[in-house]
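First up is the structure itself, then whatever we jot down about it.
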2 protein chains.
Amino acid sequence: MQMTPMIESFVCHFGEMGSRWGFNRTVGQIYALLVVSEQPICANEIAELLGISRGNVSMGLKELGSWQLVQVIHKQGERREFYQSRGSIWDMANRVFEERRKREMDPTLSLLRDIMMDEAANNDEAYAQKRITEIHDLLENITEWTQSLQSLSPEKLNTLMKLGSGVGKVLEFTDKFRPKKDA
Amino acid sequence: MQMTPMIESFVCHFGEMGSRWGFNRTVGQIYALLVVSEQPICANEIAELLGISRGNVSMGLKELGSWQLVQVIHKQGERREFYQSRGSIWDMANRVFEERRKREMDPTLSLLRDIMMDEAANNDEAYAQKRITEIHDLLENITEWTQSLQSLSPEKLNTLMKLGSGVGKVLEFTDKFRPKKDA
DNA sequence: CAATAGTTTCAGAAATTTCTGAAAGTTCAG
DNA sequence: CTGAACTTTCAGAAATTTCTGAAACTATTG
């Protein structure tokens with residue numbers, strides 16, 4: 001694996017983005033490198049290619065492992081561990097999404113529910129609770145919906161996305177053919 | 001406006017989440033406070049309620065203004081500026097989403113396109129380019145799709161979300177009624 | 001116009017996050 | 001078993017981000 005300007009620009013940018021998606025810049029860079037590498041890479045080489053310490057690589061790979069985004073590969077005749085990214089780009093996106101839901105959404109929804117169950121002590125809290133309920137409802141809907149979308153195949157989801165907001169028209173269309181409650 | 005344990009727990013949590021959604025903890029806390037406050041709040045009071053400096057409030061409000069998430073309110077007989085969050089919870093979510101697209105997605109897609117147009121110099125780059133193309137395609141699809149969903153009304157979008165992955169069945173249903181190309 | 005109220009900006013301090021490299025720990029080969 | 005290869009962990013250093021509070025700036029009032 002060679003570090004070329006093309007790969008370097010990708011790795012750098014992806015690293016910046018990583019910190020927006022749930023892991024720090026270096027972890028993002030390690031992951032980017034593994035995503036675009038056809039061959040598994042050992043930790044020492046990652047350290048060399050990215051210009052970071054071997055210890056930092058170890059910690060980064062541990063983090064990526066906790067997200068289940070990378071896997072260890074053992075080569076015959078090699079004691080070193082090699083790493084590569086797991087699954088398709090689609091699988092990766094799913095994993096990141098799933099892990100963020102667990103780490104951010106679920107605790108948030110849980111806290112919002114606790115607050116909603118409290119008794120409002122004054123008008124300030126009553127209004128706050130009303131707003132918090134709205135936030136909770138929206139986040140819950142979005143979370144459940146995106147979760148259900150995960151059960152679709154990549155192909156079917158792609159079809160859905162190509163339909164765009166035309167989905168609204170599909171909903172109207174199906175309404176016309178729905179049998180009336182009382183004819 | 002009183003800072004009660006209920007409101008404080010919300011503000012603290014939301015602040016932590018803010019750093020995952022594009023702005024720092026304190027900016028997130030300022031915003032959380034404004035979201036759950038029925039009345040506009042002046043900068044001095046925000047500083048007192050959150051226990052932060054007046055200068056920090058000023059900078060945070062400036063950031064929230066750049067996201068178009070808050071608005072200034074002028075009261076008759078008052079020289080101070082008051083702030084409140086803009087729009088419904090739904091509007092807020094839309095704004096955050098839109099701004100993140102501009103700040104993160106658009107530059108990412110732009111960079112990925114640049115890389116895709118380069119000539120691969122070796123096998124490493126060819127494979128990297130293939131992967132980058134897949135990432136680009138997926139991100140582009142998701143971005144365009146979510147953008148088109150923004151053109152739906154909250155009610156219609158809510159209906160869609162309640163349908164969940166049943167949307168896949170709707171797609172099959174409409175396929176059955178689509179006129180054949182050559183009958 | 002001068003004084004005051006109010007806001008913004010920014011240098012440097014403070015807080016937080018990330019990193020290094022060596023110690024600690026684990027595994028393998030001879 | 002010992003030495004070497006390999007990995008992990010962590011104390012403290014380094015880097016980065018955030019914050020403070022005072023200077024700079026703006027607007028209003030008498």
Side-chain angles (χ1 to χ4, degrees), chain A residues 11-34 40-67 69-84 103-104, chain B residues 11-34 40-67 69-84 103-104:
Chain A
V11 164
C12 281
H13 186 88
F14 200 97
E16 293 300 324
M17 288 303 107
S19 59
R20 306 296 169 83
W21 297 334
F23 27 81
N24 77 42
R25 185 168 62 240
T26 301
V27 172
Q29 288 180 354
I30 295 171
Y31 188 46
L33 188 60
L34 293 179
I41 316 184
C42 75
N44 278 343
E45 198 180 350
I46 294 173
E48 279 169 34
L49 289 170
L50 296 182
I52 60 177
S53 72
R54 175 68 186 76
N56 203 3
V57 171
S58 181
M59 288 188 292
L61 290 172
K62 182 172 181 175
E63 172 79 3
L64 290 171
S66 81
W67 289 67
L69 289 169
V70 297
Q71 62 194 344
V72 186
I73 305 281
H74 287 108
K75 291 188 182 178
Q76 188 80 297
E78 277 273 10
R79 290 160 71 176
R80 287 174 304 178
E81 300 179 322
F82 288 76
Y83 294 84
Q84 77 184 153
R103 293 172 188 225
E104 292 168 32
Chain B
V11 164
C12 282
H13 186 89
F14 200 98
E16 293 299 325
M17 289 303 108
S19 61
R20 305 298 169 82
W21 297 334
F23 27 80
N24 78 42
R25 185 168 63 237
T26 302
V27 173
Q29 288 180 356
I30 294 170
Y31 189 46
L33 188 62
L34 293 179
I41 316 185
C42 74
N44 278 342
E45 198 180 352
I46 294 173
E48 279 169 32
L49 289 171
L50 296 182
I52 60 178
S53 74
R54 175 70 185 75
N56 202 2
V57 172
S58 181
M59 289 188 291
L61 290 171
K62 183 173 181 177
E63 172 79 4
L64 289 170
S66 79
W67 290 66
L69 289 168
V70 297
Q71 61 194 347
V72 186
I73 305 284
H74 287 108
K75 292 188 180 176
Q76 186 82 297
E78 277 272 11
R79 290 158 68 173
R80 287 175 302 178
E81 300 177 323
F82 288 75
Y83 295 85
Q84 79 186 151
R103 295 171 186 225
E104 293 168 32

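Keep in mind that the numbers below use all heavy atoms, side chains included, and drop hydrogens, waters and symmetry copies. Proteins get letters first, then strands, A, B, ... in listed order; numbering begins at 1 in each.
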Atom-to-atom span, NE2 of A:His74 to P of D:dC6 - whole angstrom: 12 Å

Gap between atoms NZ and C1', on B:Lys75 and C:dA5 respectively (whole Å): 17 Å

Side chain of A:Asn24 - closest among D:dT9, D:dA27, C:dT18: C:dT18

Closest contact, heavy atoms only, B:Arg25 versus B:Glu16: CD-OE2, 3.0 Å

Listed nucleotide nearest any side-chain atom of A:Tyr83, set D:dT8, C:dT16, D:dT16: D:dT8

Closest heavy-atom pair and its distance - B:Leu61, B:Tyr83: CD1-CE1, 3.3 Å

Taking every non-hydrogen atom, the tightest pair across B:Ile30 and B:Leu64: CG2-CD1, 3.9 Å

Per A:Ser58 side chain, nearest of listed nucleotides D:dT29, D:dT8, C:dC10: D:dT8

Within residues 46-57 of chain A: residues closer than 4.0 Å to DNA chain C (heavy atoms): A:Ile52, A:Ser53, A:Gly55, A:Asn56

Atom pair distance, as rounded to whole Å: CG in B:Leu64 and P in C:dT8: 13 Å

Residue A:Arg79, side-chain atoms from C-beta onward, closest of C:dT8, C:dT27, D:dT7: C:dT27

Nucleotide nearest A:Arg80 when distance is taken to its side chain, options D:dT7, D:dT9, C:dT9: D:dT7

Whether over 12 other heavy atoms sit under 6.0 Å from B:Lys75 NZ: yes

Euclidean distance, atom CD of residue B:Glu78 to atom C1' of D:dT28 [Å, nearest integer]: 13 Å

Interatomic distance where CD belongs to B:Gln76 and P belongs to D:dT28 [whole Å]: 13 Å

Rounded interatomic separation in angstrom, taking CD from B:Glu63 and P from D:dT17: 13 Å

d(CG, B:Leu61; C1', D:dT18) in whole Å: 16 Å

Side chain to side chain, A:Trp21 and B:Glu104, heavy atoms closer than 4.5 Å: yes

Closest heavy-atom pair and its distance - B:Val72, B:Glu81: CG1-CB, 3.7 Å

Short side-chain N/O contact from A:Lys62 to OP1 or OP2 of D:dT7, under 4.0 Å: no

Value in whole Å for how far the P atom of D:dC25 lies from CE of B:Met59: 18 Å

